[in-house]
Each structure stands twice: as C-alpha cells, then as structure tokens.
Amino acid sequence: MLTETTTRASSAHEALVLSLLREHGPLTRGDLLILSGLSRTTLYDAVGALMDNGSVLASVPEAARRKRGRPAEVLTVNPGAGRLLGIEFARRAVRVAAMNAAHEIVGTTGEPHDPDTPWQTRIDLAWRLADKLTHGTLRPGALNGIGVGVVGPVGTPEQGPLWAPRHDIVAARVRERFGAPALIDNDTRLATLAETVWGAAAGEQNVLCLRLSHGVGGGLVMAGTLHRGAHGRSGMFGHITVDPGGAPCECGAIGCLETVASIGAVLDACRTAGTAAADLPELVSALESGDAAAHAVLARVGTHVGRVLADVSHAVGPDVIVIGGELVDAGRALMAPIEHMLDTHVARCSYGAPRVIPAGLGDTGTALGALALLRRHPDHEAPGLREATRALTP
C-alpha cells in the first residue's frame with residue numbers, strides 16, 4: 001500500500017509532466033526525461049498514470065511511422081480531460097472560473113442579473129459563461145467536477161447545504177445541466193480559501209476573511225484547513241451584534257454587523273447624514289472629494305467592523321485578516337478605523353495584532369475558491385476526479 005508521502009511524490013511528478021507538456025507542447029518520453037530530470041522509471045510511471053486517467057494522449061506522427069525501428073510516441077495534454085469548473089451564485093451575479101488538465105486557471109468571467117432572477121436562468125447563465133471560457137467546447141459530461149458557491153450556511157461535503165432547501169435543488173440542477181458531480185459550499189468561505197491559495201494571503205496558514213458586500217460574512221482557514229464549524233455556521237460574522245438598540249436584521253436579531261456594514265446600510269446612513277450617494281461609486285467619489293459626513297459614516301462602520309474582528313481574533317488567533325467585498329473600494333476611510341481598533345484592542349503578546357490586508361481576488365474569489373474546494377476534496381467526486389486533481393492538493 002502506498003504511503004501518503006509516496007502518493008504525494010507521485011502526484012508531484014505527474015504535475016511536473018503536465019506542466020512541461022503545457023509549456024513545450026507535444027514531447028516524446030525522451031524529451032521529458034531531459035526536461036524533467038526524473039529517472040526513467042519515475043517518468044514512465046508518471047506518464048502511465050496520466051495516460052490511464054485520460055489526462056495525457058499518445059500518438060505516433062506520420063513521419064515517424066515511415067522510419068525504421070520502433071516509432072517514438074508523442075505525448076500531449078488531453079484538452080478535454082481534467083477540466084474543473086467553479087461557479088458562484090451571488091445575490092446579483094453569476095461568476096465562473098475554469099481550470100484545465102494542466103492545473104492552470106483558464107480564465108474567469110461573470111455577468112450581473114436582477115436579484116429575483118429564477119435559479120434555472122442563473123444556471124443556464126453559468127453554462128453560457130463556462131462555454132465561453134472553454135471556447136465553445138463545453139458538452140454535458142465534459143467536466144470532471146464543479147464547485148459551487150452559494151449564500152448561507154453549508155456543512156461538509158457529506159452534509160451539503162443546511163439552511164435554505166433551495167440549495168439542494170440548485171446542486172441537483174447544476175449536476176443535471178452540466179452532467180458532472182458538484183460540491184457546494186458557502187460563497188464567502190470559498191473566497192477565504194481562494195485568498196490563501198492565489199490571493200492576498202497566499203501561503204498563510206491562519207487567516208480570517210471578512211467580506212463587506214450586500215451582505216456581510218466571512219471565513220476561517222486554521223492550520224491550513226478551511227473551518228466550517230458545526231452545521232456549517234462558521235464565519236457568520238455579519239450576525240454578531242454591534243448595536244443592541246439598532247436596526248432589525250433579516251436573521252431576526254437586532255443590531256447585527258450586517259445592519260451597519262452592508263452596502264445598503266452604509267448608503268442609507270450616508271443619506272441620513274446628508275451625503276446623497278445613490279450607489280457605491282458615488283460614495284467613493286464623495287469620500288475622494290473630502291465629504292465630511294461620508295467620512296464620519298465610514299469611520300463608524302470601520303470601528304464596528306474592527307471591534308468585531310478584534311473579538312474574533314482573541315478567539316481564533318489569525319496571523320492575517322483579509323477584508324474583501326465591494327465596500328473595500330472606500331479605501332483608507334474604511335481600513336484606517338479597522339486597523340486602529342485592532343491595534344488598540346487586540347492583546348499585544350509578543351507578536352502584535354494580526355496583519356490587515358485588502359482581498360486580492362476581487363469578484364473572482366468565490367469561483368476560484370470553488371476550484372480550490374475541488375482540489376481538496378477529490379474523494380467526494382465522480383470516478384476520474386481524484387486522479388485528475390490529486391496532484392493539486394497542497
């Protein structure tokens with residue numbers, strides 16, 4: 001039985017072969033021996049595994065057939081194998097990211113829609129966006145796996161969605177439309193995972209992420225592992241009370257962080273304070289022009305956010321805090337009070353307060369995180385997904 005170390009080494013060898021084929025194009029085994037530096041046995045084992053799972057194709061060029069002796073096979077990446085797709089079903093948009101068999105992100109794209117757009121229409125939109133990324137080659141059954149980000153608590157891959165029953169329907173409809181297995185998780189939690197793989201916190205092991213958008217939520221990566229909590233409720237920072245006498249929240253409580261730090265709440269507060277900002281771009285313009293009322297509103301919002309982050313930091317001890325979502329466009333008017341609260345309220349110890357940084361992936365974070373989810377949970381997918389993705393697992 002292969003040990004975990006041996007399996008990881010084999011995965012790394014296969015990833016190297018795929019990378020060389022993508023970089024150099026069709027190559028013979030002899031070419032790969034020279035370029036890879038692997039032993040003959042190790043290379044042939046890696047190539048054999050990739051051919052067995054369909055990631056690599058072998059052919060003999062016509063010119064080689066006409067020569068004497070045994071013709072040398074040419075190896076190429078199978079463009080139709082190993083494809084993974086990440087989809088975010090946000091409140092107001094669908095976003096898609098695609099990855100090929102060589103473990104490269106092919107691209108990301110998205111399209112806005114009305115908040116009341118039917119789910120089937122959103123799924124059809126995801127198909128069109130995915131077909132665009134794959135240059136019109138998408139067919140039912142052509143994908144090895146799909147990661148899906150949705151709003152609301154989601155448990156482990158075995159548990160699936162736990163809050164809104166519609167999520168079960170969404171997952172089933174995605175599987176039916178694309179002809180591929182799907183893993184589903186919370187959108188902001190997936191964005192957190194993506195930031196630790198490709199984004200602002202790449203390589204960090206203990207990360208707290210907060211997204212300030214039309215809703216407020218977050219995620220935790222602890223010791224390099226995405227933390228879901230019991231019943232998938234980890235990261236619901238938007239429902240921590242910050243103003244006991246404040247506005248009612250859609251969750252049923254009073255004065256949640258979401259009632260003061262969501263985009264809608266911030267715009268309402270600005271209008272009440274005398275700043276006529278109809279949307280976020282107008283708010284950013286007001287801040288840039290030095291509007292005192294707008295700056296005062298963002299200072300209050302940042303203070304609330306910073307206090308929540310300080311309290312959570314005492315509980316989980318992150319090295320890095322990533323702030324994402326559209327509200328980050330407010331810049332220092334938002335970030336400065338957050339940093340001030342952390343600097344003054346987090347117990348100093350010898351390491352100081354967590355480092356605070358803006359998210360690096362923007363709108364693409366959740367869709368990319370859905371790809372990362374597939375990378376880390378190959379055992380829950382259809383036959384073929386484990387082999388196509390195991391070399392990706394950190």
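Worth knowing before you read on, the calculation uses all heavy atoms, side chains too, and leaves out hydrogens, waters and symmetry mates.
- With sequence neighbours excluded, no residue forms a side-chain hydrogen bond (donor to acceptor under 3.5 Å, both in side chains) with D363.
- No donor-acceptor pair closer than 3.5 Å links the side chain of R122 to the backbone N or O of V94.
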#### Entry: S213/E326 under side-chain hydrogen bond (donor to acceptor under 3.5 Å, both in side chains): CA gap, chis, key distance, verdict
CA-CA 5 Å; S213 182; E326 298 93 322; 2.5 Å; yes
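- Using a 4.5 Å heavy-atom threshold, the side chains of P115 and R91 count as separate.
- The backbone N or O of L38 lies less than 3.5 Å from a partner atom in the side chain of S36, making a donor-acceptor pair.
- Checked by atom type and distance alone, the side chain of T134 pairs as donor or acceptor with a backbone atom of A130 at under 3.5 Å.
- Taking hydrophobic clusters as Ile, Leu, Val, Met, Phe, Trp and Tyr residues chained together by side-chain heavy-atom distances below 4.5 Å, I338 shares a cluster with V316.
- W127 meets the ring pair (Phe, Tyr, Trp, His ring centres under 6.0 Å) test with F178; sequence neighbours excluded.
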### Task
Take V74 and L27, measure what side chain to side chain contact (heavy atoms under 4.5 Å, CB included) needs, and give me the verdict at the end.
CA-CA 5 Å; V74 173; L27 296 171; over 6 Å; no
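- Looking only at side-chain heavy atoms (C-beta outward), V322 and L208 stay at 4.5 Å or farther from each other.
- The nearest pair of heavy atoms linking V308 to I240 is CG1-CD1, 3.7 Å.
- Smallest separation of non-hydrogen atoms from A310 and H345: CB-CB, 3.9 Å.
- Once rounded to the nearest 0.5 Å, the distance linking CG of L20 with CG of L35 reads 5.5 Å.
- Side-chain atoms of T121 never come within 3.5 Å of backbone atoms of T117 as a donor-acceptor pair (strictly under, hydrogens ignored).
- Minimum heavy-atom separation, C249 to T259: CB-CG2, 3.6 Å.
- Residue pairs meeting the ring-ring contact (aromatic ring centres under 6.0 Å, His included) criterion with at least one member in residues 265-313: none, sequence neighbours excluded.
- No donor-acceptor distance shorter than 3.5 angstrom exists from the side chain of H13 to the backbone of A46, with no hydrogens or angles considered.
- Panel note: side chain D131, backbone L138; a donor-acceptor pair is recorded below 3.5 Å.
- Side-chain N or O atoms of D114 include none that pairs as donor or acceptor with a backbone N or O of D116 at under 3.5 Å.
- Partners of F237 under the ring pair (Phe, Tyr, Trp, His ring centres under 6.0 Å) rule, at least two apart in sequence or in another chain, do not exist in this structure.
- V356 has its side chain within reach of I323: a pair of non-hydrogen atoms, C-beta onward, lies under 4.5 Å apart.
- Within the structure, the salt bridge (Lys or Arg N to Asp or Glu O under 4.0 Å) test picks out no pair touching residues 299-308 (sequence neighbours left out).
- Residues R83 and N144 have side chains not in contact (no heavy-atom distance under 4.5 Å, counting atoms from C-beta outward).
- Contact annotation: the side chain of V47 approaches that of L32 to within less than 4.5 Å [non-hydrogen atoms, C-beta and beyond].
- Side-chain contact between I254 and P248 is present, with heavy atoms from C-beta onward closer than 4.5 Å.
- The heavy-atom pair separating A182 from V174 by the smallest distance is CB-CG1, 4.3 Å.
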### Task
Go through the steps to decide whether L85 and V96 satisfy the test side chain to side chain contact (heavy atoms under 4.5 Å, CB included), and finish with yes or no.
CA-CA 7 Å; L85 194 70; V96 175; 3.4 Å; yes
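- Counting non-hydrogen atoms of neighbouring residues, nucleotides and ligands closer than 6.0 angstrom, the CD atom of E176 reaches no more than 12 such neighbours.
- Follow the hydrophobic side-chain contacts under 4.5 Å out from L220 and you reach V305 in the same cluster.
- Residue pairs meeting the ring-ring contact (aromatic ring centres under 6.0 Å, His included) criterion with at least one member in residues 23-48: none, sequence neighbours excluded.
- Looking at R177 and D124, a side-chain N of the basic residue comes within less than 4.0 Å of a carboxylate O on the acidic one, giving a salt bridge.
- Looking only at distances, a side-chain donor or acceptor of E195 sits under 3.5 Å from a matching main-chain atom of L361.
- Hydrophobic clustering (side-chain heavy atoms under 4.5 Å, transitive across Ile, Leu, Val, Met, Phe, Trp, Tyr) groups V328 together with L280.
- I263 contributes atom CD1, which lies 8.5 Å from atom CG of L212 (distance to the nearest 0.5 angstrom).
- Across A286 and T275, no two heavy atoms sit closer than the pair CB-CG2, 3.9 Å.
- To the nearest 0.5 Å, the span separating CG on L193 from OG1 on T188 amounts to 12.5 Å.
- In this structure, L50 and V17 have side chains that are in contact, with non-hydrogen atoms separated by less than 4.5 Å.
- None of D185, D187, T192 except one satisfies the side-chain hydrogen bond (donor to acceptor under 3.5 Å, both in side chains) rule with R189; the exception is D185.
- With rounding to the nearest 0.5 Å, the separation of SG in C251 from CD in E258 is 8.0 Å.
- Using a distance-only test at 3.5 Å, with no hydrogens or angles considered, a donor-acceptor pair links the side chain of T28 to the main chain of D31.
- Look at R355 and E339 and you find no salt bridge, because none of the NZ, NE, NH1 or NH2 atoms lies under 4.0 Å from a carboxylate O.
- Note that CG of L125 is 11.5 Å distant from CH2 of W119, once rounded to the nearest 0.5 Å.
- Ion pair K132/E111 not flagged as a salt bridge, since none of the NZ, NE, NH1 or NH2 atoms sits closer than 4.0 Å to an Asp/Glu carboxylate oxygen.
- Linking ILVMFWY side-chain heavy atoms closer than 4.5 Å, directly or via other members, places I105 and L183 in a single hydrophobic cluster.
- Cluster annotation: L342 is connected to L334 through the hydrophobic network of ILVMFWY side chains, with a link wherever side-chain heavy atoms come within less than 4.5 Å.
- Side-chain N/O atoms of R211 and T366 include a donor and acceptor closer than 3.5 Å.
- Residues S313 and I321 have side chains in contact (heavy-atom distance under 4.5 Å, counting atoms from C-beta outward).
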### Message
One pair to check against side chain to side chain contact (heavy atoms under 4.5 Å, CB included): T108 and R95. What are the steps and the verdict?
### Response
CA-CA 7 Å; T108 60; R95 302 182 183 97; over 6 Å; no
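- Contact detail for N206 and G317: the closest heavy-atom pair is CB-O, 4.3 Å.
- In this structure, CG on L190 lies 12.0 Å from CD1 on I87, to the nearest 0.5 angstrom.
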### Task
Carefully, step by step, assess L210 and L309 under the rule side chain to side chain contact (heavy atoms under 4.5 Å, CB included).
CA-CA 9 Å; L210 181 71; L309 292 176; 4.2 Å; yes
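- At least one donor-acceptor pair under 3.5 Å links the side chain of T344 to the backbone N or O of H340.
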